[in-house]
Amino acid sequence: MSKFCITTPIYYVNDKPHVGHAYTTIAADVLARYHRLKGEDVFFLTGTDEHGLKILQNAEKAGQTPQAFCDENADAFIKLWESLNISYDNFIRTTDPVHEEAVKKAVITLNSKDLIYVGKYEGLYCVGCEQYKTTKELVDGKCSDHQKEPILLQEDCYFFKLSAFQDILLKLIDSNELIIDPLERRNEILGFLKTEKLEDISITRKKVKWGIKFPLDEEQTIYVWIDAFLNYLTGLGWQGDKEISKFWPADVQLMAKDILRVHATIWPAMLLALDMPLPKKIFAHGYFTFEGQKMSKSLGNVIDPIELINLFGADASRYLIVSACPFGQDGDISKNKLYDRYNSDLANNFGNLISRVFRLAERVEKFDFTPAEIFKEFIDKSWQDYHRAMKALALEDAVNIWVNLLNYINKNIETTKPWALKGESFNYTIYQLLLAIKNAALMVYPFMPEKCDSILKSLGLNLREKADNMAIIGSEDVKQKSSFDLTPSAPILRSEASIFESSEIKKPQSLPALFPRV
RNA sequence: CGCGGGGUAGAGCAGCUGGCAGCUCGUCAGGCCCAUAACCUGAAGGUCGGCGGUUCGAGUCCGCCCCCCGCAACCA
């Protein structure tokens with residue numbers, strides 16, 4: 001059985017989850033669910049990054065121990081993922097003792113390869129904040145919180161020889177042994193590696209007490225890089241030695257574009273240093289603006305995913321966020337756009353389609369199995385296009401293909417006018433429509449699992465119980481198309497059968513409006 | 001000359017390897033009556049940022065220019 005491993009970054013528990021976190025995670029979930037439907041052995045990893053000065057400071061501010069602070073904030077992520085039906089297989093936290101031990105072992109391994117050395121970290125230090133500032137954080141050369149110029153400060157710390165990996169990284173990315181997607185981001189990384197010199201990075205901090213103790217020097221804690229990146233291995237059960245999960249290397253590592261560069265340099269360099277395989281693909285998606293403006297806390301226009309769920313429900317929120325723009329590019333969200341899209345795609349098109357067909361189906365007297373004929377060609381083509389889109393991570397294309405299928409079905413209803421038919425031809429037509437709806441529901445299931453589940457249930461297919469590792473929608477390779485037999489007792493994979501011939505459905509139970517207009 | 005992305009109908013966007021300019025929403029006119037005032041059909045509306053070039057033919061390739069937006073390493 002082929003496997004599929006997908007990761008999101010681990011999110012910094014410094015703050016509440018916002019729509020950006022939700023975007024990455026929903027996209028990962030859509031892909032995980034899609035691959036499960038295809039019958040692959042899937043592992044979907046997400047989690048939280050919990051060390052560092054900011055956590056310590058905020059915990060103090062809140063009058064909590066750092067661990068209690070992390071527990072509370074990690075819980076906010078877990079809760080949000082629950083309410084969005086995120087089907088992760090593991091939620092890794094960097095304060096997990098197993099993770100910490102593995103990270104320490106990794107440091108020792110790196111040291112044994114002579115890739116760590118003592119040096120001086122130099123930076124602009126704000127005495128008021130008690131921390132180093134980047135030039136970007138400064139306003140007119142001053143700390144924005146304290147209105148004071150930071151002082152140049154040095155401290156001893158340990159470095160990782162990242163510079164040693166420049167040529168090999170360039171070669172691996174250039175040859176697509178390490179795929180970076182989308183193309184424009186890949187170009188950016190290649191340009192960077194060709195023109196700039198990769199510098200060694202400091203991997204410890206002396207002043208930061210909330211972190212994993214650096215095994216070579218107990219005075220120091222491990223800084224974010226080694227700690228956070230290794231979650232991708234420890235989250236799969238790695239304990240710091242040679243043995244590694246069957247799921248590694250990851251097939252796709254998703255992230256927002258802001259952290260692509262470090263994922264395309266520091267992270268693969270670490271893997272190379274540890275003699276571990278590199279991820280197959282690193283994919284960076286874009287940023288959202290809200291009504292044309294950059295989302296930021298100071299502008300107060302950050303979208304709270306919980307608010308979104310309250311407005312549209314979990315399924316529709318997932319759908320709306322993921323289909324807001326081409327995956328990989330920046331996009332803009334606005335309340336109006338969300339309402340528009342919800343009403344046109346989900347209420348008027350999908351929801352209404354189900355209502356009208358299910359109502360007609362109530363009149364069916366005899367419900368015999370008939371193979372799909374009317375829609376076969378179009379549905380077949382749609383699945384092919386859909387698989388191609390999903391493979392390319394073009395989530396918005398997959399959604400568009402689905403919408404086109406809905407349009408096609410709606411048009412067909414106008415021309416066949418089933419409400420005017422009687423007897424056999426009526427029964428037959430409705431059966432065909434239900435079959436088409438079943439395909440549509442399966443197609444969009446990865447995006448909207450809850451609603452689709454209820455649609456499929458009412459058509460006699462209990463997907464939930466076997467949604468894991470069930471070859472239900474076949475492969476993008478037409479020759480290997482799997483069974484489409486959705487009856488509860490169906491065998492897992494019947495590669496010979498056409499997805500339509502073996503398909504069978506029950507007369508639907510009527511449903512309340514799935515997507516009421518808003 | 002730092003790197004990258006973008007400028008296409010009233011609004012928001014698609015348009016890989018060049019071949020009669022598309023989608024969603026909105027507007028207008030019709031149809032249908034199974035359905036969530038929904039669905040279907042048709043119409044109006046664009047000199048595809050500007051200038052030049054390659055080509056039988058260019059949003060689509062090349063050059064220059066203008067404007068917008070990200071990134072520019074310790075921000076996860």
Side-chain angles (χ1 to χ4, degrees), chain A residues 8-15 20-21 24 48-49 52 54 94 121 123 131-137 157 162 182-192 194-196 198-199 201-203 205 223-225 227-229 231 255-263 265-266 286-287 289 292-294 323-326 328-334 336-337 339-341 343-363 392 394 396-397 400 403-404 406-407 409-421 426 430 433 512-518:
Chain A
T8 73
I10 45 174
Y11 305 114
Y12 204 46
V13 287
N14 188 30
D15 217 342
H21 302 117
T24 317
T48 42
D49 176 18
K54 281 185 184 160
T94 55
Y121 175 78
Q131 64 178 301
Y132 289 98
K133 296 284 178 180
T134 60
T135 45
K136 196 180 166 188
E137 284 175 308
C157 70
L162 179 62
L183 192 61
E184 55 267 32
R185 298 266 101 83
R186 176 177 180 270
N187 292 342
E188 207 170 314
I189 297 296
L190 282 174
F192 169 70
K194 278 175 191 161
T195 54
E196 310 269 324
L198 215 49
E199 281 171 26
I201 51 165
S202 72
I203 54 167
R205 284 291 184 278
Y223 189 59
V224 59
W225 309 121
D227 179 8
F229 279 129
N231 94 82
M255 67 204 64
K257 62 182 183 180
D258 57 335
I259 55 173
L260 173 65
R261 180 178 286 187
V262 291
H263 273 81
T265 50
I266 301 173
Y287 270 171
T289 50
Q293 277 188 311
K294 186 171 175 168
S323 57
C325 71
Q329 292 180 30
D330 290 344
D332 184 64
I333 314 184
S334 73
N336 280 342
K337 278 189 216 170
Y339 279 116
D340 268 6
R341 190 144 186 134
N343 280 327
S344 62
D345 287 3
L346 301 183
N348 296 348
N349 206 343
F350 192 41
N352 180 58
L353 174 65
I354 286 159
S355 291
R356 66 196 303 208
V357 174
F358 277 29
R359 179 59 71 83
L360 286 166
E362 287 173 12
R363 299 186 197 168
E396 76 294 346
D397 279 351
N400 284 335
V403 170
N404 283 336
L406 299 179
N407 290 338
I409 301 169
N410 265 321
K411 275 180 190 132
N412 177 279
I413 294 178
E414 296 304 316
T415 52
T416 54
K417 301 190 195 309
W419 55 86
L421 299 173
F426 175 73
I430 299 305
L433 286 168
L514 290 171
F515 298 102
R517 282 181 64 89
V518 290

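Scope of the values below: all heavy atoms of this structure, side chains included, with no hydrogens, waters or symmetry mates. The chains referred to below are lettered A, B, ... by the order of the sequence lines, with proteins before strands, and numbering in each begins at 1.
With hydrogens and angles disregarded, a donor-acceptor distance shorter than 3.5 Å links the side chain of A/Asn231 to the backbone of A/Ala228. Distance alone, capped at 3.5 Å, places no donor-acceptor pair between the A/Asn352 side chain and the A/Ala347 backbone.
Remark: A/Ile354 CD1 to A/Leu433 CG distance equals 12.0 Å, nearest 0.5 Å. Between the OH atom of A/Tyr339 and the OG atom of A/Ser344 there is a distance of 14.5 Å, given to the nearest 0.5 Å. Interatomic distance, CG of A/Leu421 versus CD1 of A/Ile430, reported as 8.0 Å (0.5 Å rounding). Atom CZ in A/Phe192 sits 15.0 Å away from atom CG in A/Asn187 (nearest 0.5 Å). Distance check: A/Trp419 CH2 to A/Arg356 CZ gives 6.0 Å after rounding to the nearest 0.5 Å. From A/Asp258, atom CG reaches atom NE2 of A/His263 across 10.0 Å, with rounding to the nearest 0.5 Å.
Rounded to whole Å, the C1' atom of B/U27 lies 16 Å from the corresponding atom of B/G12. B/U47 and B/G42 have their C1' atoms separated by 26 Å, with the value rounded to a whole Å. When the P atom is used for both B/G5 and B/C61, the distance is 12 Å, rounded to whole Å. Of the P atoms belonging to B/C13 and B/G6, the separation is 13 Å, rounded to the nearest Å. Using atom P as the reference point in both B/G4 and B/U8, the two lie 22 Å apart (nearest Å). For B/G50 and B/U17, the C1' atoms lie 27 Å apart once the distance is rounded to whole Å. On the C1' atoms, B/A44 is 16 Å away from B/C25, given to the nearest whole Å. Comparing the same atom, C1', in B/G57 and in B/C20 gives a spacing of 11 Å after rounding to whole Å.
Residue A/Pro516 is in base contact, counting any heavy-atom pair closer than 4.0 Å across all strands shown. Heavy atoms of A/Phe229 sit under 4.0 angstrom from at least one base atom. Residue-level contact check: A/Ala228 touches neither bases nor backbone, having no heavy atom under 4.0 Å from any strand. Residue A/Ser334 is classed as having no contact, given no heavy-atom separation below 4.0 Å to the nucleic acid. Within 4.0 Å (heavy atoms only), A/Ile10 reaches sugar-phosphate atoms of the nucleic acid but no base atom.
In RNA chain B, the stems built from three or more successive Watson-Crick or G-U pairs (distances below 3.5 Å) are B:2-7 with B:66-71, B:10-13 with B:22-25, B:27-31 with B:39-43, B:49-53 with B:61-65.
Using a 4.0 Å cut-off between a side-chain N of Lys or Arg and a carboxylate O of Asp or Glu, A/Glu188 and A/Arg185 qualify as a salt bridge. The pair A/Arg341-A/Glu396 does not count as a salt bridge, with every side-chain nitrogen at least 4.0 angstrom from each carboxylate oxygen.
A residue-by-residue look at A/Gly331 and A/Tyr12 shows that A/Gly331 has its nearest nucleotide of RNA chain B further toward the 5' end. Each of A/Ile259 and A/Thr265 has a nearest nucleotide on RNA chain B; the 5'-most of these lies closest to A/Thr265.
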Protein-nucleotides 1-9 of chain B N/O pairs closer than 3.5 Å?
residue: B/G4; atom: O2'; partner: A/Glu188; partner atom: OE1; Å: 3.4

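Between A/His21 and A/Tyr11, the angle of the ring planes goes over 60°, which puts this pair in the perpendicular group of the 30/60° scheme.
For B/G5, the base is anti relative to its sugar; the glycosidic angle deviates from 0 by more than 90°.
Separating the CD atom of A/Glu396 from the C1' atom of B/C13 is a distance of 11 Å, rounded to the nearest angstrom. Protein atom NZ of A/Lys411 is 13 Å distant from nucleotide atom C1' of B/G42, rounded to whole Å. When the C1' atom of B/C40 is taken as reference, atom CG of A/Asn412 falls 12 Å away, rounded to whole Å. For A/Leu162 and B/A73, the CG to P distance is 14 Å, given to the nearest whole Å.
For the residue pair A/Asn410 and A/Asn349, a side-chain donor N or O sits within less than 3.5 Å of a side-chain acceptor on the partner.
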*Scan nucleotides 21-34 of chain B nucleotide by nucleotide, 5' to 3', and note B when protein non-hydrogen atoms come under 4.0 Å of the base, S if they reach only the sugar-phosphate, - if neither.*
---SS-----BSSB
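Looking at heavy atoms from C-beta onward, A/Tyr12 lies out of side-chain contact with A/Val224 at the 4.5 angstrom threshold.
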